[in-house]
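Take a look at the structure below.
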Amino acid sequence: MNGELRAPSSVQVIAAIARREIVVALRRRLVKLLFLANLMPPIIMAVILVVTMLARKAGLVDLGWDPLLRLLEIQVGPVLLLALGIGTPLIARDRSEEVLFLYATRPVTPWSYTLGKMIAVALPAAALLVVPGILICILRQGLIEDFGTMDSVALMGKVVLVAVLMAWGYAGVSVGPSAATKKARWALLLAFLCISIPNVVSQIIWGNGGYALDAAHAVEDLLYTLIEGGLTTYGVVGAVTLVVWGSLGALVTATRVRREMTP
């Protein structure tokens, strides 16, 4: 029948959860401040790039400076803080308020719930790397000779790839610890431990300059490999590290939610 009500699909459920969490997060003062702080490096870098381009065209100076890698390296740190600010309260808040069982009365599965929460972290994180990265790629054509449109498109593709992997890894590092506790502050502490301990382990095993086992340094290695042509091994390890952290965070969250999502 045309008037028959149908249960929403999994995609609709995931999108609704993600949209709600993003709206709620953007109302928080801390998240707003972190979001604004993330906008400053791209703005400053764009101004510097435009001034450099104008000076070069005027024949005053030619710095031969490529701002893209530097911008992305600066940006990944604040983006991580934003991801932690959005992600660490998500599951902990629902657990502390004991509302997870309410989802069981609706067409929400543990994995739909988990992916909705993960996307709520991943989308803003990815956007804050992709948008300024693409802007610099476009402006970059006027700075570097023999750098055509196809070169810019290829570079944009690399930026998008890094942003997707970074967003997934950062979401796992923030949402996973949130599912392990009922307090956002403890979730934040666990998230920092998930970042710092693997870095210490990497330094113990390989010393400085070793493979990245934490999400933050994994993004840096991946960026250097794709943008500057660094060692492929470091880039591959960095990509795998981000996928593992994101998947581990999703698995921990889905497992915890499945236990408590009982009416």
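No experiment lies behind these values; they were computed from the predicted model shown. These values consider heavy atoms only, across backbone and side chains, with no hydrogens, waters or symmetry-generated copies.
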Side-chain touch [X]/[Y], heavy atoms, less than 4.5 angstrom:
| X | Y | answer |
| --- | --- | --- |
| Trp111 | Ser10 | no |
| Thr88 | Pro177 | no |
| Val121 | Leu90 | yes |
| Met166 | Leu129 | yes |
| Leu72 | Val162 | no |

Could you tell me which non-hydrogen atom of [X] sits nearest to which non-hydrogen atom of [Y], and how far apart they are?
| X | Y | answer |
| --- | --- | --- |
| Ile119 | Ala18 | CG2-CB, 3.9 Å |
| Val175 | Lys117 | CG2-O, 4.1 Å |
| Ala120 | Pro124 | O-CD, 3.2 Å |
| Ser247 | Trp168 | N-NE1, 3.2 Å |
| Pro89 | Arg28 | CG-NH1, 3.6 Å |
| Met118 | Gly172 | CE-N, 3.8 Å |

Can a donor-acceptor pair be found, under 3.5 Å and without considering hydrogens, that links the side chain of [X] to the backbone of [Y]?
| X | Y | value |
| --- | --- | --- |
| Arg95 | Ala179 | yes |
| Thr181 | Ser178 | no |
| Gln75 | Leu128 | yes |
| Ser112 | Val108 | no |
| Gln12 | Ser9 | yes |

Give a yes or no on whether [X] and [Y] share a hydrophobic cluster (residues Ile, Leu, Val, Met, Phe, Trp, Tyr; joining criterion: side-chain heavy atoms under 4.5 Å apart).
| X | Y | result |
| --- | --- | --- |
| Leu84 | Leu123 | yes |
| Leu223 | Tyr234 | no |
| Val236 | Tyr224 | no |
| Ile197 | Leu80 | no |
| Tyr113 | Leu248 | yes |

Test applied, side-chain contact (heavy atoms from CB on, under 4.5 Å); reference residue, Val240; option that passes from Val244, Val243, Leu242 | Val244

Roughly how far apart are [X] [atom1] and [Y] [atom2], rounded to 0.5 Å?
| X | Y | atom1 | atom2 | answer |
| --- | --- | --- | --- | --- |
| Ile91 | Ser174 | CD1 | OG | 9.5 Å |
| Leu188 | Leu193 | CG | CG | 10.0 Å |
| Leu81 | Ile86 | CG | CD1 | 11.5 Å |
| Leu222 | Leu161 | CG | CG | 6.0 Å |

Evaluate whether atom CH2 of Trp186 has more than 12 neighbouring non-hydrogen atoms of other residues, nucleotides or ligands under 6.0 angstrom away.
->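 Not buried by this count: 12 neighbours or fewer within 6.0 Å.
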
What's the verdict on side chain to side chain contact (heavy atoms under 4.5 Å, CB included) for Leu231 and Thr225, showing C-alpha distance, side-chain angles and the deciding distance?
-> CA-CA 6 Å; Leu231 291 175; Thr225 297; 5.8 Å; no

Lys183 and Arg93: CA distance, side-chain angles, deciding distance, side chain to side chain contact (heavy atoms under 4.5 Å, CB included) verdict | CA-CA 7 Å; Lys183 299 292 184 181; Arg93 181 187 62 226; over 6 Å; no

Could Lys182 and Glu260 be called an ion pair, given the rule that one side-chain N must be under 4.0 Å from one carboxylate O?
->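 The answer is no: the pair does not qualify as a salt bridge.
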
Going by atom type alone, with no hydrogens or angles, which donor-acceptor pairs under 3.5 Å involve a side-chain atom of residues 200-219 and a protein atom two or more places apart or on another chain?
residue : atom : partner : partner atom : Å
Ser202  : OG   : Tyr211  : O            : 2.4
Asp214  : OD1  : His217  : ND1          : 3.2
Asp214  : OD2  : Ala216  : N            : 3.3
Asp214  : OD2  : His217  : N            : 3.0
Asp214  : OD2  : His217  : ND1          : 2.9

